[in-house]
Every structure is written in C-alpha cells, then in structure tokens.
Amino acid sequence: MGIMVDGQFKCFGSSQHIKDKYGLGFEIEVKVRPLSDTEIEQLKAKAGVTSEAVSKAGLAALMRKLGYEDMKHEIIEGGLGSDLHRVLTKTGKLYVDELMRWAHIERNGG
C-alpha cells in the first residue's frame with residue numbers, strides 16, 4: 001500500500017504500518033464502471049460463449065473460458081460470490097451476464 005501526494009509516493013508499507021505511523025486510520029473509495037451490455041456481448045463472443053445461463057456443473061468450464069477461473073472459489077456460501085451461490089443453489093443456474101458483471105466488479109475493485 002502506498003500514499004501518493006501530488007503525484008509522488010510519500011509512504012509505502014502495510015496498512016498496519018501506515019495506521020501505526022499516522023494513527024488516524026484511513027478511508028478509500030473506489031469506483032468501478034460496470035460493463036455495458038455491448039461490452040458483455042463482445043466478451044462473450046470473443047470467448048465463444050453462446051449460452052445465456054450456466055448450471056453448477058458447467059460453471060468451472062465457463063469461468064475458465066471467460067478468464068475468471070481464479071474467482072470460482074468465491075462462489076460459495078460466505079464467499080465474495082455468496083449471492084451468486086444462493087441463486088445457483090435455489091434455481092440451478094446463473095445468468096452469464098450477471099456472472100460477468102460480478103466478476104468484473106470484484107476483479108477491478110469490488
């Protein structure tokens with residue numbers, strides 16, 4: 001972690017080091033632009049994804065195809081993708097567009 005002032009890094013260290021040194025704590029806000037419908041369609045086409053939904057059995061293969069295989073372990077109860085896990089458990093499927101929106105946000109600052 002680092003602190004930048006006027007385009008120059010002034011301090012590097014762990015969050016605990018910075019908290020200990022400056023003592024006031026910190027707050028950060030990150031805004032991530034969501035994927036547009038057009039971007040989702042382009043990414044699906046590039047990966048060769050034609051289905052609108054995926055079952056639990058096909059989830060790992062789809063995530064690998066989309067480049068999100070490192071995030072599959074989060075789609076569990078209590079994980080970052082627990083909402084997706086609930087939908088998958090209840091309905092037996094996830095909509096690909098929603099999976100992609102979630103993965104984009106989580107990967108880029110969620």
Side-chain angles (χ1 to χ4, degrees):
M1 180 179 287
I3 297 176
M4 184 180 281
V5 178
D6 296 324
Q8 300 271 329
F9 281 105
K10 300 293 183 179
C11 180
F12 286 101
S14 68
S15 59
Q16 188 62 51
H17 166 75
I18 291 170
K19 184 177 178 185
D20 290 346
K21 186 168 183 169
Y22 297 101
L24 298 175
F26 55 90
E27 184 175 319
I28 186 168
E29 183 176 331
V30 177
K31 294 184 179 183
V32 177
R33 183 185 60 78
L35 291 172
S36 69
D37 291 341
T38 302
E39 290 170 315
I40 286 176
E41 291 307 316
Q42 289 171 344
L43 289 169
K44 284 167 58 176
K46 184 178 178 181
V49 175
T50 56
S51 58
E52 293 298 314
V54 62
S55 67
K56 189 172 187 174
L59 184 60
L62 175 67
M63 292 187 79
R64 186 171 37 259
K65 199 178 241 191
L66 292 169
Y68 300 134
E69 64 187 312
D70 60 315
M71 301 175 77
K72 185 188 179 308
H73 70 278
E74 292 294 350
I75 303 177
I76 59 170
E77 187 175 336
L80 293 174
S82 60
D83 290 341
L84 295 177
H85 179 264
R86 272 192 292 282
V87 171
L88 187 59
T89 300
K90 185 175 181 178
T91 67
K93 66 180 179 181
L94 283 177
Y95 287 102
V96 175
D97 293 9
E98 293 306 313
L99 174 66
M100 292 176 72
R101 284 186 174 94
W102 169 80
H104 172 75
I105 295 294
E106 288 301 325
R107 179 168 282 164
N108 293 290

Please report, to 0.1 Å, the donor-acceptor pairs under 3.5 Å made by any side chain of residues 49-57, with sequence neighbours excluded.
residue : atom : partner : partner atom : Å
Ser51   : OG   : Ala53   : O            : 3.4
Ser55   : OG   : Ala57   : N            : 3.4
Ser55   : OG   : Gly58   : N            : 3.3

> For Glu39, which residues count as a salt bridge (Lys or Arg N to Asp or Glu O under 4.0 Å) partner, sequence neighbours excluded?
Replying inline: Arg33
>> Can you pull out every salt bridge (charged side-chain N to carboxylate O under 4.0 Å, His left out) where at least one residue sits in residues 89-103? Sequence neighbours excluded, please.
In response: Asp37-Arg101, Lys44-Asp97, Glu98-Arg101
To the nearest 0.5 Å, how far apart are [atom1] in [X] and [atom2] in [Y]?
| X | Y | atom1 | atom2 | answer |
| --- | --- | --- | --- | --- |
| Met71 | Leu66 | CE | CG | 11.5 Å |
| Ile40 | His104 | CD1 | NE2 | 9.0 Å |
| Tyr68 | Leu43 | OH | CG | 6.0 Å |

>> Determine whether Met63 and Leu99 satisfy the following criterion, side chain to side chain contact (heavy atoms under 4.5 Å, CB included), listing intermediate values before the conclusion.
In response: CA-CA 9 Å; Met63 292 187 79; Leu99 174 66; 4.0 Å; yes
Solution key, residues 74-85 side-chain donor-acceptor pairs under 3.5 Å, sequence neighbours excluded:
residue : atom : partner : partner atom : Å
Glu74   : OE1  : Leu80   : N            : 3.0
Ser82   : OG   : Gly79   : O            : 3.4
Asp83   : OD1  : Arg86   : NH2          : 2.2

> Is there a chain of hydrophobic side chains (I, L, V, M, F, W, Y, each step under 4.5 Å between heavy atoms) that links Leu59 to Val96?
Replying inline: yes
